[in-house]
Amino acid sequence: MALYVQKFGGTSVGSVERIKVVAEKVKGFRDAGHQVVVVVSAMSGETNRLIAMANEINDEPTPREMDMLVSTGEQVTISLLALALHKLGVPATSYTGSQVGILTDSAHTKARIQRIETDEMRDDLDEGKVVVVAGFQGVDEEGNITTLGRGGSDTTGVALAAALGADECQIYTDVDGVYTTDPRVCSKAQRLDTITVEEMLELASLGSKVLQIRSVEFAGKYNVPLRVLSSFQDGPGTLIVAESDQDEDSMEEPLISGIAFTASEAKLTLLHTPDVPGVASRILGPIADANIEVDMIVQNVAPAGDYTDFTFTVAKGDYKKTLKIIEDQVIPDLGGGEVNGDDNIAKVSLVGVGMRSHAGVASKMFRVLADENINIRMVSTSEIKISVVIDEKQMELAVRALHTAFGLDKSDIESE
Ligand code: ADP
Ligand code: ASP
Ligand code: MG
């Protein structure tokens, strides 16, 4: 007998028919003698629909009310799934995040899980019940409903698996595993049997939304066996593994494991800023004070003692606010300068632990992009990734060209 935490995403519970299919799947595991905790998302499109309604009423909705609103999506699917299980003769009880004891901090819309009470869930499991939990939500110390950020049901799943010491956390979604890149953009992408926690963290943080980054952090920290699978077809999916668990003789480590991309950032450049100590902090300080996260930063080398240009990226949603801070606060403080903004950019990133021991990945990447006539606006690297900022219009072309050039296309690997 094993204990599984199974999370089903929005598409997997997107209709009454799909919910019935999920119930059948869960019943299968229970009939085989396993204990099952199910975490569900809201029906696909529902969270977006709720957010759009709020924005129609108030363009600056308070985070507390947003959490109150968006958490309702998951409350619908837990009860429908419990009812579908009852119909199949499976005892099941649904719980909201608050009822099941998922305690978070009070950072509405991006709360972090602090503690999970497991007693009630264990009692239910011991009584042979399936426990159905609303993903994406928790409760803070004062009893306010909180949510864990978009895609947060993944994190609920992995956190519950960690708290319960589950044998595996299974993330059922609309693709049959983690691919070398988003299969919806690159038809030659292929499923990976395994991927390391470290690589998955990079892919998730660089835009691959197949797993929310915090879920991967949890899996790494608490050693939760984590698998991504399709809720539509059977298959082994992709297992997220610690690097040391990878089968050493299975193959030579590939240079690049995956390509992530995102068009959700914007770029700002401050032209003609004085090249003296303290300027970076005078530019970024007011932005940090407004709780805006900065991602990439590039400062040009100035001719001695002269002026320089300072470029950085922020989330597209923070673009207008950042531009205003620069114009109203930073430029007056610096006593001059000019700001240029562009929110039609994309970030494309190569990820792979194999690049640690190989030089030349960056130069090959730049050559491939040059051959496609793609201009690189910014570059940033770390031990296992290289990211470039390019024009948003060229994003998909760049992803496909890099996928082929780095030998990730389906036919290449199959023919090896
Ligand atoms: P769910 O609603 O089940 O949580 P998501 O839409 O959040 O599903 O995540 C699954 C989607 O992630 C896929 O449909 C796919 O388009 C996208 N995706 C992005 N990068 C990858 C990747 N490397 N491998 C698999 N899917 C990816
Ligand atoms: N329903 C939430 C969202 O759309 C959480 C999730 O699906 O994981 O972001
Ligand atoms: Mg998701």
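Just so it is clear, the structure is predicted and the values come from calculations on it, not from any experiment. All residue numbers in this chain count up from 1 along the given sequence. Order of listing sets the numbers, starting from 1, for every ligand and every atom in it.
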Under a 4.0 angstrom heavy-atom cut-off, which atoms of ligand 1 come close to [X]?
X	value
V178	24 (N)
V175	13 (C), 14 (O), 25 (C), 26 (N)
S208	20 (N)
R184	13 (C), 14 (O), 15 (C), 16 (O)

Return the residue, atom name and 0.1 Å-rounded distance of the protein heavy atom closest to [atom].
atom	value
atom 7 (O) of ligand 1	K209 O, 3.5 Å
atom 4 (O) of ligand 1	K7 NZ, 3.0 Å
atom 15 (C) of ligand 1	D182 OD1, 3.4 Å
atom 23 (N) of ligand 1	Y179 O, 3.0 Å
atom 13 (C) of ligand 1	D174 OD1, 3.5 Å
atom 27 (C) of ligand 1	V210 CB, 3.7 Å
atom 7 (O) of ligand 2	S41 OG, 3.1 Å
atom 25 (C) of ligand 1	G177 O, 3.4 Å
atom 8 (O) of ligand 1	T173 OG1, 3.1 Å

Pair D140, S106: side-chain N/O donor-acceptor within cut-off below 3.5 Å: yes

Less than 4.0 Å is my threshold; does some heavy atom of G152 fall inside it relative to ligand 2? yes

Between [Y] and [X], is the closest basic N to carboxylate O distance under 4.0 Å?
X	Y	result
R191	D193	yes
E198	R356	yes
E392	K316	yes
D343	K267	no
K209	D182	no
E17	K20	yes
D333	R282	yes

Please determine if [X] has a nitrogen or oxygen closer than 3.5 Å to a nitrogen or oxygen of ligand 1.
X	value
D154	no
G10	yes
T180	no

Residues 33-44, side-chain donor-acceptor partners within the protein, below 3.5 Å, at least two apart:
residue	atom	partner	partner atom	Å
H34	ND1	A2	N	3.0
Q35	NE2	L125	O	3.4
S41	OG	S153	OG	3.2

Backbone or side chain, does any N or O of [X] fall under 3.5 Å from an N or O of ligand 2?
X	result
G151	yes
S153	yes
R150	yes

Taking C-beta and beyond as the side chain, do Q233 and D176 meet within less than 4.5 Å on heavy atoms? yes

At under 4.0 Å between heavy atoms, is it the side chain or the backbone of M200 that contacts ligand 1, or both, or neither? neither

Is ligand 2 under 4.0 Å from a heavy atom in the side chain of E74, in the backbone, in both, or in neither? side chain

Mark yes or no: R18 above the aromatic ring of F232, with NZ or CZ under 6.0 Å from the six-membered ring centre and no more than 45 degrees from the axis. yes

Is it the case that over 12 heavy atoms from other parts of the model lie below 6.0 angstrom from the NZ atom of K188? no

Are more than 12 heavy atoms, taken from residues, nucleotides or ligands other than D234, located less than 6.0 Å from that residue's CG atom? no

